[in-house]
Amino acid sequence: DDKERTGNRYIRANAGMNAFQWSMEYPAGTKMVDTEFHARPAGPLAPPGTYHVTLTVGDWSMTQPFDLVKDPRVTTSDDDLREQFELLLAIQSKLSAVADAVNSIRSVRTQIATWRERLDGRDDAGEATALADRVTEQIAAVEGQLVQAELTSEGDSLNYREMLFEKLGNLPPVVSSADARPTRQSVQVFEKLAGQIDEQLAALTGIVEGDLSALNERLRSLDLDPVHT
C-alpha cells in the first residue's frame with residue numbers, strides 16, 4: 001500500500017464505524033534509500049495547543065477543532081515545551097536534509113556508473129570519463145561524512161565509526177527524555193553537528209555546480225542525456 005510505504009497514517013474506507021488513533025506525533029521525515037538500518041527521522045510530539053481534524057469523503061469534508069492539553073501532573077510551562085518541540089523539529093529537518101542529500105548522491109552515483117560503462121572504449125569520451133571518475137570520488141567523500149553506510153545493525157557501531165547522521169540521530173531521545181526545556185548542552189550539540197552538516201551540504205552543492213555541471217555539458221556534447229540530481 002502506497003500510504004503504508006510513505007509512513008502516513010490514515011483511516012481505511014470500511015463501511016460502518018471507523019476509529020483513528022493519533023499518536024500525537026508530527027509526520028516522520030525523509031527515508032534514506034538503500035538502507036534498512038537508517039529509519040525516517042521521527043516527528044516530535046505535538047505541543048499543547050488547538051488543532052484541527054478534517055474528514056474528507058469524495059468532494060465532501062468537515063473540519064472539527066480540538067485542544068491538546070498536557071498532563072495536569074506536568075508543571076513545565078507551555079513555553080518550555082514549545083522550545084523542546086522546536087528543537088526536535090529542527091533536528092528532524094536537518095536529518096531529513098542529510099537523507100535528501102544522500103539519496104541524491106546515490107542516484108547520481110548510479111547514473112554515472114551507467115554512463116561510465118557506456119563511455120568505456122569511446123575515443124571521444126576521455127574528458128567525460130575523467131570527469132565522471134572525479135565526481136564519483138568527490139560525492140563518495142561527502143556521503144562518507146554524512147552517513148556510515150556500513151551500519152546495518154546496532155552492534156555495527158562497535159566496528160564502524162558513526163558519522164553525522166548517526167550522531168545527530170542520537171540527540172532526539174536525549175531532548176525528549178523528559179517534559180522539560182532542552183538543556184544548553186543539547187542545543188550546543190545540535191548547533192555543532194548542524195554546522196558540520198551544512199559544510200558537507202555546501203560541498204555537495206559545489207560539486208553539483210562545478211564538476212557535475214561540466215560532466216553534463218560534456219555528456220550533451222556526446223549526444224547523451226545529463227545526470228540528474
Which distance, rounded to the nearest 0.5 Å, do you find between the [atom1] of [X] and the [atom2] of [Y]?
{"X": "Ile105", "Y": "Gln200", "atom1": "CD1", "atom2": "CD", "result": "9.0 Å"}
{"X": "Gln145", "Y": "Leu204", "atom1": "CD", "atom2": "CG", "result": "13.0 Å"}
{"X": "Arg122", "Y": "Thr129", "atom1": "CZ", "atom2": "OG1", "result": "9.5 Å"}
{"X": "Glu191", "Y": "Asp198", "atom1": "CD", "atom2": "CG", "result": "11.5 Å"}
{"X": "Thr35", "Y": "Asn103", "atom1": "OG1", "atom2": "CG", "result": "10.0 Å"}
{"X": "Thr75", "Y": "Lys70", "atom1": "OG1", "atom2": "NZ", "result": "7.5 Å"}

Working note: Thr54 + Thr63, criterion side chain to side chain donor-acceptor pair (under 3.5 Å); need CA distance, chi angles, decisive distance, verdict. CA-CA 4 Å; Thr54 300; Thr63 298; 2.9 Å; yes
For a 4.5 angstrom cut-off between non-hydrogen side-chain atoms, does [X] reach [Y]?
{"X": "Pro48", "Y": "Leu68", "result": "no"}
{"X": "Phe37", "Y": "Leu151", "result": "yes"}
{"X": "Leu193", "Y": "Leu171", "result": "no"}
{"X": "Arg116", "Y": "Thr136", "result": "no"}
{"X": "Val102", "Y": "His38", "result": "no"}
{"X": "Thr50", "Y": "Phe66", "result": "no"}
{"X": "Val175", "Y": "Ile91", "result": "yes"}
{"X": "Pro44", "Y": "Glu25", "result": "no"}

For the side chain of [X] and the backbone of [Y], is there at least one donor-acceptor N/O pair under 3.5 Å apart?
{"X": "Arg40", "Y": "Gly29", "answer": "yes"}
{"X": "Asp156", "Y": "Ser153", "answer": "yes"}
{"X": "Ser176", "Y": "Pro172", "answer": "yes"}
{"X": "Asp71", "Y": "Arg73", "answer": "yes"}

Indicate, with yes or no, if [Y] and [X] share a hydrophobic cluster defined by side-chain heavy-atom contacts under 4.5 Å among Ile, Leu, Val, Met, Phe, Trp and Tyr.
{"X": "Phe165", "Y": "Leu201", "answer": "yes"}
{"X": "Leu95", "Y": "Phe85", "answer": "no"}
{"X": "Leu131", "Y": "Leu224", "answer": "yes"}
{"X": "Met24", "Y": "Val53", "answer": "yes"}
{"X": "Leu87", "Y": "Val74", "answer": "no"}

Do Asp80 and Thr76 have a side chain donor and acceptor closer than 3.5 Å? no
Thr110 side chain to Ser107 side chain, donor-acceptor N/O pair below 3.5 angstrom: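 The criterion, which ignores hydrogens and geometry beyond distance, is not satisfied for Ser107 and Thr110.
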Tell me the closest heavy-atom pair linking [X] and [Y], and the distance in Å.
{"X": "Ala99", "Y": "Met32", "answer": "CA-CE, 4.1 Å"}
{"X": "Gln84", "Y": "Ala178", "answer": "NE2-O, 2.7 Å"}
{"X": "Ala46", "Y": "Tyr26", "answer": "CB-CE1, 3.8 Å"}
{"X": "Ala128", "Y": "Leu215", "answer": "O-CD1, 3.4 Å"}

Any chance you could lay out the side chain to side chain donor-acceptor pair (under 3.5 Å) test for Gln92 and Ser96, step after step, and finish with the verdict? CA-CA 6 Å; Gln92 184 200 37; Ser96 288; 5.4 Å; no
Tell me, with the steps shown, if Arg82 and Glu86 meet side-chain contact (heavy atoms from CB on, under 4.5 Å). CA-CA 6 Å; Arg82 170 63 63 171; Glu86 290 176 351; 3.4 Å; yes
Could you tell me whether Glu36 atom CD has more than 12 heavy atoms of other residues or ligands within 6.0 Å of it? no
Should we count CD of Glu154 as having more than 12 external heavy atoms under 6.0 Å? no
Intermediate values then yes/no, side-chain contact (heavy atoms from CB on, under 4.5 Å), Gln148 and Met163: CA-CA 6 Å; Gln148 178 53 265; Met163 304 310 291; 3.9 Å; yes
Decide salt bridge (charged side-chain N to carboxylate O under 4.0 Å, His left out) for Arg220 and Glu217; before the verdict, give the C-alpha distance in whole Å, the side-chain angles of both, and the deciding distance to 0.1 Å. CA-CA 5 Å; Arg220 291 187 184 95; Glu217 287 298 319; 3.1 Å; yes
Pairs in or reaching into residues 165-184: which pass salt bridge (charged side-chain N to carboxylate O under 4.0 Å, His left out), with residues at least two apart or in two chains?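 Listed by first then second residue: Glu83-Arg181.
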Within residues 98-113 or reaching into it, pairs that qualify as salt bridge (charged side-chain N to carboxylate O under 4.0 Å, His left out) - sequence neighbours excluded: Arg106-Glu143, Arg109-Glu143
Given the rule in the side-chain contact (heavy atoms from CB on, under 4.5 Å) test, do Leu219 and Asp225 qualify, once you have shown the distances and angles that lead to the verdict? CA-CA 7 Å; Leu219 289 174; Asp225 291 334; over 6 Å; no
Apply ring pair (Phe, Tyr, Trp, His ring centres under 6.0 Å) to Phe190 and list each qualifying residue two or more places apart in sequence or on a separate chain.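 Once residues adjacent in sequence are excluded, Phe190 has no partner under the ring pair (Phe, Tyr, Trp, His ring centres under 6.0 Å) criterion.
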Going through the distances and angles, do Leu119 and Leu222 end up as a side-chain contact (heavy atoms from CB on, under 4.5 Å)? CA-CA 10 Å; Leu119 291 171; Leu222 298 172; 3.9 Å; yes
